[in-house]
Amino acid sequence: MFILRMIFRSFSRQFRRRLLVAITICLSSAVATAMLGVVFDVGDKLNEELSAYGSNIVIEPKSDAVVADLYETVDGSDTEPTSFLKESDIQKIKTIFWAYNITNFAPKLNLHADITAGTGGDAATVPVVGTWFNTTLHLATGETSVVGVQGMRSWWTINGRWARDDADEAMIGADLADQLHIDAPGVTITLSPGNTAATVTVVGIYDSGDEENGAVYVPSATLQELSGLTDSVDEVEVKALTTPENDLARKVSRNPAAVTQEEWETWYCTAYASSIAYQIEEVLPDAVAKQIRQISELQGDVLNKTRAVMIVMTGLSLLAAAIAVANLMAASITERSSELALLKAIGATDGAVSRLMLLETAVIALIGALAGAGLGVGAAQLIGQVVFASSITLRPMVFILVAVLIAATVLAASCSSIRSILGVRPAEVLHGR
């Protein structure tokens, strides 16, 4: 450290000031590149993180949705469903315009059944959910897609393993397992939703942390066969990557007839939860797709606050750079007053001297900005890996915006220094006054 300090002191004052200006611009450029890079890419990353906690769109039969709206019934009531969707039609939602934004979905048949654990064990009437656990769909496009609750309930704590869709297996909630005195997987239970009964093996006990802990999950084919409701489901949970809703999305939601054709096309071609739900209804005409507004609003709120914090950090770094550069340039001009006075004395105009100082500062700033951009790219990737466990995609617009901001910062910082140059009087300076 002592040797480095001696080397630094051996440099001329002017060189040290130029080096400090370059370092200041470098750090400011690095912060701006990293923060703006994350700002432009954080939307998809946050949506991916938040969508891990469940669906943000629910599909229901149109008749049930109308009744629920008219009589304000509460979802999850003890009543049995009265209308259904065809399970075989559900994969059509992967044919909409925003098909690639739909990352997962799972149909559900929600019934109640008498359940008995073991031979002559405890009995209870409980909710039974028939669903897909981990199903591979072969789409008409030739592509395949893996869907099911296994990918939509990543926060569940599992004692055992996930059930398979092609086996007589079940998963039981932790609260219900305690009620039936089931301590570990491997116990057989008998389900009887009506006049028929079936025996399945509990392969996993899950803890969801909510009311789902009192339910049993079985393959949809098993429950459909038991209840006689072949190819029937009454609900589909959909997990989609969406864009937070803005004024346009809210305007369309309030009154679609009030928007212009251009606004409608913009809304339709943007991945709002409402536009994705609308397109789902186009391919499933007997269904109503509703966005879960709490999740959509949470995504938008978190995204806006995260972006605001990063933009504020960028602004503060640029402000600090402007102050530092202005002070360093002012000190440099004070020390170089004799040199500047001599230039004026031999005929250089104020404009020529100002351009010379600006050019020198611009070259230094360019070097610092380029080095800072490289550091910013690395910092953005570090943030991506630490916070989101994935890389950050840096768009060209980020580098253009950073270049404009750095140029504006340096120009603003140079204004006060330019005024100092205009105030230099050769005769007084050269005579030591």
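Residue numbers start at 1 and run along the sequence shown.
Under the 3.5 Å distance criterion, with hydrogens and angles disregarded, no donor-acceptor pair is assigned to the side chains of Thr242 and Trp98. Side chains of Glu263 and Tyr268: no donor on one and acceptor on the other come within 3.5 Å. A donor-acceptor contact closer than 3.5 angstrom links the side chains of Glu235 and Asn110. Looking at Glu265 and Gln261, their side chains do bring a donor and an acceptor atom within 3.5 Å of each other. Judged by distance alone, the side chains of Trp132 and Glu87 do bring a donor and an acceptor atom under 3.5 Å apart. With hydrogens and angles left out, the side-chain atoms of Asn213 and Asp207 include a donor and acceptor closer than 3.5 Å.
Of all non-hydrogen atoms in Gly214 and Pro127, the two that sit nearest each other are O-CD, 3.5 Å. Of all the heavy atoms in Asn104 and Val146, the pair that sits closest is OD1-O, 4.3 Å. Scanning all heavy atoms of the two residues, the minimum distance from Pro61 to Asp234 falls at CD-O, 3.2 Å.
When each of Phe97, Trp264, Tyr272 is checked for a ring-ring contact (aromatic ring centres under 6.0 Å, His included) with Tyr278, only Trp264 meets the rule.
Arg161 has a carboxylate O that lies under 4.0 Å from a charged side-chain N of Glu169, or vice versa, which qualifies the two as a salt bridge. Lys94 has no carboxylate O lying under 4.0 Å from a charged side-chain N of Glu143, or vice versa, which leaves the two without a salt bridge.
At least one donor-acceptor pair under 3.5 Å links the side chain of Asn56 to the backbone N or O of Ala240.
The aromatic rings of Tyr217 and Tyr206 sit perpendicular, their planes meeting at an angle over 60°, well past the 30° parallel limit.
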